[in-house]
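Data first, discussion second: the structure below is written as structure tokens.
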Amino acid sequence: MRDNDPVTSATRQPETRTATTPPRLIATDLDGTLLRDDKSVSPRTIAALAAAEEAGIEVFFVTGRPARWMDVVSDHVHGHGLAICGNGAAVVDLHGGPGAHRFVKVRELARENALDAVGLLRDAAPGTVYAVEQTYGFHQEPAYPKLHMEVPDGFAPAEELLAPDAHTAGEPVLKILAHHPALDPDAFLTLARLAIGDRATVTRSSPSALLEISGPDVSKASTLALCCAERGISHEEVVAFGDMPNDVEMLTWAGRSYAMGNAHPDVLAAASGRTVANNDDGVAVVIERLLDERR
């Protein structure tokens, strides 16, 4: 199903992997990684996350999801309460629970860059339709398909939604979603990266031709690196998990990284290790082994 072209990485693979370095932080994607296909967190995984935190290893959820979709794991953020959302566009404190989260850090997509990206991709891939993800709002074009279990806050062409004087202008743009009804997902990703260049970061996490467009140099890896620097944690002390192209940079940055058994081929190539599939609790399997190593 996924006979795909390579996905490029903005971050170099660490030259030396220090598998014996004790981990201080676990960074895990959610959909297709920590969560089972039914979007649940298994009892085994809940126990493994709690055991890691009890052992002094911080756990960060690093996801493409918006903050308002984080209720599925809000009970498992433990002491720090933080998650990286929107592919690195926001660091969110989830302690307040669903609907009461606080944005700790926002790395927005400038409207000028967003408009450039929309125009360039419209020319390169006619038929592309858009949605705009903001800190709290979600707006879309009328033709954008119902891909999400939510009611949009409004409908308008992307150029109107992103205009400097738009009614949405008071709220930061975290990312643009671009959907094409016919293109192969990875072919669409390659095309968009070539068309948009350094005006924005383009990636994907969906099995459909749905791209996620963020600010230049904004990725799971770059925001995770900022969070780790604030804590005095080096990349060698990070263990990361993922399954899709939006995880590639994070997996190449971390000292140890694991591709899920259900991972995209480019993720399998980027990670330093592999674990079993998300439905088989692949993250928990590795965490349990890491904790055994510390005893």
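Values reported hereafter were calculated over all heavy atoms of this structure, with side chains retained and with hydrogens, waters and symmetry mates removed. Quantities reported herein were computed from a predicted structural model and do not represent experimental measurements.
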Exercise. How about Leu94 and His101: do any of their side-chain heavy atoms sit closer than 4.5 Å?
Worked result: yes
Exercise. Are Val92 and Arg102 close enough that some pair of their side-chain heavy atoms sits under 4.5 Å apart?
Worked result: no
Problem set entry | Where Ala117 and Ile213 come nearest, the two heavy atoms and their spacing | CB-CG2, 4.3 Å
For this session: To the nearest 0.5 angstrom, please state how far the CD atom of Glu133 sits from the CD1 atom of Ile176.
Result: 11.5 Å
Exercise. Does Glu171 CD have over 12 foreign heavy atoms under 6.0 Å away?
Worked result: yes
For this session: Of all the heavy-atom pairs spanning Ala263 and Ala259, show the shortest one and how long it is.
Result: CB-CB, 4.0 Å
Exercise. Would you say the side chain of Arg256 lies within less than 4.5 Å of the side chain of Val286, judging by non-hydrogen atoms?
Worked result: no
Exercise. Quick one: does Leu177's side chain get under 4.5 Å of Glu212's, heavy atoms only?
Worked result: yes
Exercise. Do the side chains of His139 and His167 get nearer than 4.5 Å, heavy atoms only?
Worked result: yes
Exercise. Do the side chain of Asn278 and the main chain of Asn262 share a donor and acceptor less than 3.5 angstrom apart?
Worked result: no
Exercise. About how many Å separate CG of Asp29 and NZ of Lys220, when rounded to the nearest 0.5 Å?
Worked result: 3.5 Å
Identify every side-chain donor-acceptor pair in residues 152-163 under 3.5 Å, counting partners at least two apart or on other chains, and give the distances.
unit_1, atom_1, unit_2, atom_2, d
Asp153, OD2, Phe138, N, 2.7
Glu159, OE1, Arg122, NH2, 3.1
Glu159, OE2, Arg122, NE, 2.8

Problem set entry | Any residue meeting side-chain contact (heavy atoms from CB on, under 4.5 Å) with Asp217, in chain and number order, not counting sequence neighbours | none
Problem set entry | Note, Cys227 side chain near Ile84 side chain (heavy atom, < 4.5 Å) | yes
For this session: For Arg231 and Glu237, run salt bridge (Lys or Arg N to Asp or Glu O under 4.0 Å): C-alpha distance rounded to whole Å, both residues' side-chain angles, the deciding distance at 0.1 Å, then the answer.
Result: CA-CA 11 Å; Arg231 289 160 173 74; Glu237 297 172 301; over 6 Å; no
